[in-house]
Amino acid sequence: MRLTKTMRLTAMAACAALAISACSTSSGDKKSSDQASGGSGKTGGSISVQLGEPQNGLVPQNTAESEGTQVLHGLFAGLVEYDNKTNEPKLRMAESIETTDSTVWTIKLKDGYTFHNGEKVTAQNYVDAWNYGANQDNAQQALPFFDKILGSDELAPGKDKKPTAKELKGLKVVDDKTFTVTLKAPFSQFKTMLGYNAFYPLPKAFFTDPKAFDDAPIGNGPFQMDGKWQHNQQIKVKRYDNFPAADGKAKLDSVTFKIYDKLETAYNDLRADNIQITNKLPISAMATVAQEFGDRYIYKPEASVGYLGFPIATNPAFAKADLRKAISMAIDRDAITKTIFSGTRKPADDFVSPIVPGYRQGACGDACKYDPAKAKELFTQAGGLPGNKLEIGYNADGGHKEWIEAVGNQLKNNLGIDVTFKPFEKFGKILDALGKKEYTGAFRMAWSMDYPSIEDYLRPIFSKIAIDNGSNYGGYVNEDFEALLAKADSAKTDAEGLKLYQQADDILLKDLPYIPVYTYMSSAAYTKTVKNVVVDAQNRIDLANVELA
Amino acid sequence: MGRYVVRRVIQAIPVILGATFLIYALVFLLPGDPIQALAGERRADPTVVAMLHNRYHLDDPFFLQYWHYLVGLFQGDFGEDYRGNAVVDVMTRAFPYTINLALTALVIEMVVGVVAGVIAALRRGRFIDNLVLISTLMVISIPTFVIGFVLQLLLGVKLHTDYGIDFFPVSFNEDAGFRAYLLPAYVLASTSLAYIARLTRTSLIEVMRADYVRTAVAKGLSPLRVVVRHGLRNALIPIVTFLGMDLGSLMGGAVITEGIFNIPGIGHQLFQSVYLRERTIVVGVVSALVLVYLFTNLVVDLLYAVLDPRIRYE
């Protein structure tokens with residue numbers, strides 16, 4: 001869910017650029033959690049909310065960025081959804097999801113769900129959708145999410161090869177309301193993963209004309225499309241009245257996603273009450289938003305973590321864990337989050353975001369505590385860096401210059417090394433350069449989950465498989481870590497799994513393949529016209545519950 | 001005259017071909033994989049990347065890719081972007097907004113600019129002249145995006161929230177109809193408007209000193225007729241040149257204004273497409289803009305003959 005995130009990150013770098021102190025204010029926890037669940041408001045009414053142009057057509061299996069995800073969140077209902085406060089998975093369209101060995105999963109569907117064209121949602125709809133997403137011929141962005149299911153290799157054999165099957169072996173429809181999923185190997189987090197939009201069902205109508213679906217998807221969620229997506233302008237949705245009442249029908253009559261290119265423009269529209277909710281604020285608003293919107297300004301931790309990364313595999317200078325630890329200890333995280341980000345970020349003390357079950361406060365221990373004297377000592381012991389030089393790369397389009405330079409200056413002063421900076425046009429360029437080994441310096445890195453599981457902060461960025469098929473840009477490999485992940489995957493209970501994942505996290509904290517620097521906060525605001533506005537950990541607005549005030 | 005027009009149109013063909021080649025080559029040379037750009041900060045799945053590369057011939061050598069594009073072009077097919085949308089659809093969706101905006105801006109700068117220039121020239125050295133000179137100087141020296149944001153805040157937000165007047169939409173809103181274009185068109189036109197006012201003023205002052213104007217006055221013509229028929233008509237030649245060039249830049253250069261007022265036009269589209277390396281869209285849009293330039297240039301040249309009978313095209 002990245003591309004448009006850049007914009008959000010820019011927004012949050014806000015205070016950095018302008019050095020505005022009001023950003024932090026006292027908003028903190030008071031209004032951090034939702035103001036939802038207040039009284040039974042009226043039903044009906046129409047509102048507009050801010051959106052950026054989604055990157056791909058509105059097919060759940062082809063959407064992997066925040067804007068499309070926001071729209072799909074209203075149009076579809078998945079098997080599982082996440083609690084807005086705790087981020088624990090809870091059943092939504094599924095009546096039950098059961099397993100005895102974390103390998104074979106039996107999923108039973110609830111009654112009463114229909115697609116917006118009247119078609120009943122059955123087990124077959126899920127199986128068809130997943131088969132479609134898993135087939136490389138369809139080139140869907142969410143392809144890698146299906147690779148845990150038995151038979152995925154036949155549907156996605158890789159470059160220059162042809163799929164040899166059309167259906168995943170691991171999916172079996174038992175009856176209209178039941179299907180089973182067999183995984184290649186045990187994976188205890190599978191249920192949590194099912195809330196991700198790649199696992200939404202598709203109606204029969206999709207397969208007769210997939211292209212038409214891009215602009216006018218037919219979902220099974222509380223809202224349905226009202227006309228087609230008007231590109232660069234708006235997407236209109238209206239309440240779907242046949243949505244099961246027990247599961248929370250939408251309260252509003254309709255919602256218009258107004259598509260903006262500039263956050264400043266959206267914010268001006270918000271102030272004029274032309275739109276009612278925005279979940280991304282521009283740099284220029286950070287100084288005054290708390291004052292202007294009072295308790296209608298939502299400010300809470302979100303899913304992303306910011307790191308400093310090292311190309312361990314390609315540059316032997318960074319091979320020693322102690323050296324990375326020394327660099328970590330020479331970074332004054334408090335100063336950076338306070339003075340550069342004016343409190344819109346928090347110092348990181350784990351590889352895992354604080355909002356995810358399994359996060360442990362202070363897990364990083366001394367390695368993430370600022371101690372310049374010890375850092376220097378450790379740095380010298382570890383042999384320092386060749387030529388006493390360090391280069392840090394960052395993407396110049398995301399407001400990272402300030403904090404990267406601040407980190408650089410701290411390292412310069414505390415370790416006595418020469419630090420240079422290398423801006424790249426965008427993040428993809430750093431990845432290109434790292435991949436081709438044209439760039440071997442340290443780099444700025446961030447990660448946000450796709451589903452709220454501690455596993456999603458470990459495997460996609462630090463596992464062996466993620467070197468080619470994921471985001472392990474540093475090339476870190478540790479067999480103990482791999483073994484613990486595998487063990488955690490086959491855990492019988494969530495609690496047991498969680499403990500094992502935490503042990504895997506401990507290995508990372510010891511090795512520090514990346515240095516966790518800060519975690520992000522999300523900010524949103526809404527006008528007096530609406531109430532019950534809740535923004536979840538993935539920064540999606542929970543539109544079904546919004547009411548007119 | 002007819003032969004002249006035909007010759008100009010034929011001359012336009014190599015220009016357009018050259019333009020598509022240049023733009024195609026330039027976008028091709030931009031570093032970065034367009035398929036990776038679609039995936040943003042996450043590394044795109046290698047299998048998906050390979051599939052899409054195959055589908056859009058991205059691994060072919062440059063000339064082969066350009067050849068594919070040209071063949072399509074001669075069959076009237078502008079190709080599709082990397083998300084499977086036809087470029088023609090993208091352009092026909094975006095162009096009407098930009099044309100509306102550019103024409104509104106052109107009318108504003110023409111009417112306001114020329115009128116202000118004429119008044120200033122006729123009242124040379126007086127208060128109104130100084131007012132025009134100073135205000136235009138200010139407009140020229142303030143960057144467009146500042147003017148845009150300030151007017152958006154004052155007329156869009158403040159007028160609405162503080163005085164309850166909801167006349168200028170903060171951002172583009174199709175329901176507001178023509179009103180939606182007024183503020184952005186003014187912002188877009190502001191710099192050119194200032195130039196036109198100054199150009200008209202200087203040019204008219206110059207012309208009013210000419211012998212034939214003195215003759216016209218001596219003949220006893222009404223002052224209005226002297227200014228409009230004899231003065232302004234001759235003073236307009238540099239202004240028409242300026243306006244002709246400006247229509248092209250109003251259409252292609254509206255990136256900032258379209259961004260501020262969220263108008264889903266061609267500038268907006270072009271910016272996004274360059275960022276995402278959408279080669280086919282960039283080439284299509286830029287070629288269309290080249291056409292606009294060529295056409296307005298031709299119209300300007302023909303207008304010279306209308307304004308100044310001494311100029312003939314054979």
- Under a 4.5 Å heavy-atom cutoff, which of A:K159, A:Q140, A:Q233, A:R271 has the most pairs with chain B? A:Q233
- Message: Do A:I275 and A:Y260 have side chains that approach each other closer than 4.5 Å (heavy atoms only, starting at C-beta)?
- Response: yes
- Message: Whether A:K422 engages the ring of A:F424 as a cation-pi pair (distance to the six-membered ring centre under 6.0 angstrom, angle to the ring normal within 45°) should be assessed.
- Response: yes
- Query: Can you tell me if A:T63 and A:E65 form a side-chain donor-acceptor pair at under 3.5 Å?
  - Reply: no
Would you give me the side-chain donor-acceptor pairs under 3.5 Å for residues 154-172 of chain B, sequence neighbours excluded?
{"residue": "B:T161", "atom": "OG1", "partner": "B:V157", "partner atom": "O", "Å": "3.0"}
{"residue": "B:S171", "atom": "OG", "partner": "A:K258", "partner atom": "NZ", "Å": "2.5"}
{"residue": "B:S171", "atom": "OG", "partner": "A:D269", "partner atom": "OD2", "Å": "2.4"}

- One option among A:I259, A:D273, A:D214, A:D160 has the most heavy-atom pairs under 4.5 Å with chain B, and it is A:I259
- Query: Which bit of B:Y97 comes within less than 4.5 Å of chain A, counting heavy atoms only: side chain, backbone, both or neither?
  - Reply: side chain
- Item | Heavy atoms from other residues, nucleotides or ligands near NZ of A:K429 exceed 12 (cutoff 6.0 Å) | yes
- What part of B:E258 is in contact with chain A, defined as an atom under 4.5 angstrom from a non-hydrogen atom: side chain, backbone, both or neither? neither
- Can you pull out the residues in residues 53-70 of chain B with any heavy atom less than 4.5 Å from chain A? B:R55
- Message: Please verify the inter-ring angle class for A:Y307 with A:Y514; under 30° counts as parallel, over 60° as perpendicular, anything in between as tilted.
- Response: tilted
- Message: Need one label for A:K211: side chain, backbone, both or neither, based on atoms under 4.5 Å from any heavy atom in chain B.
- Response: side chain
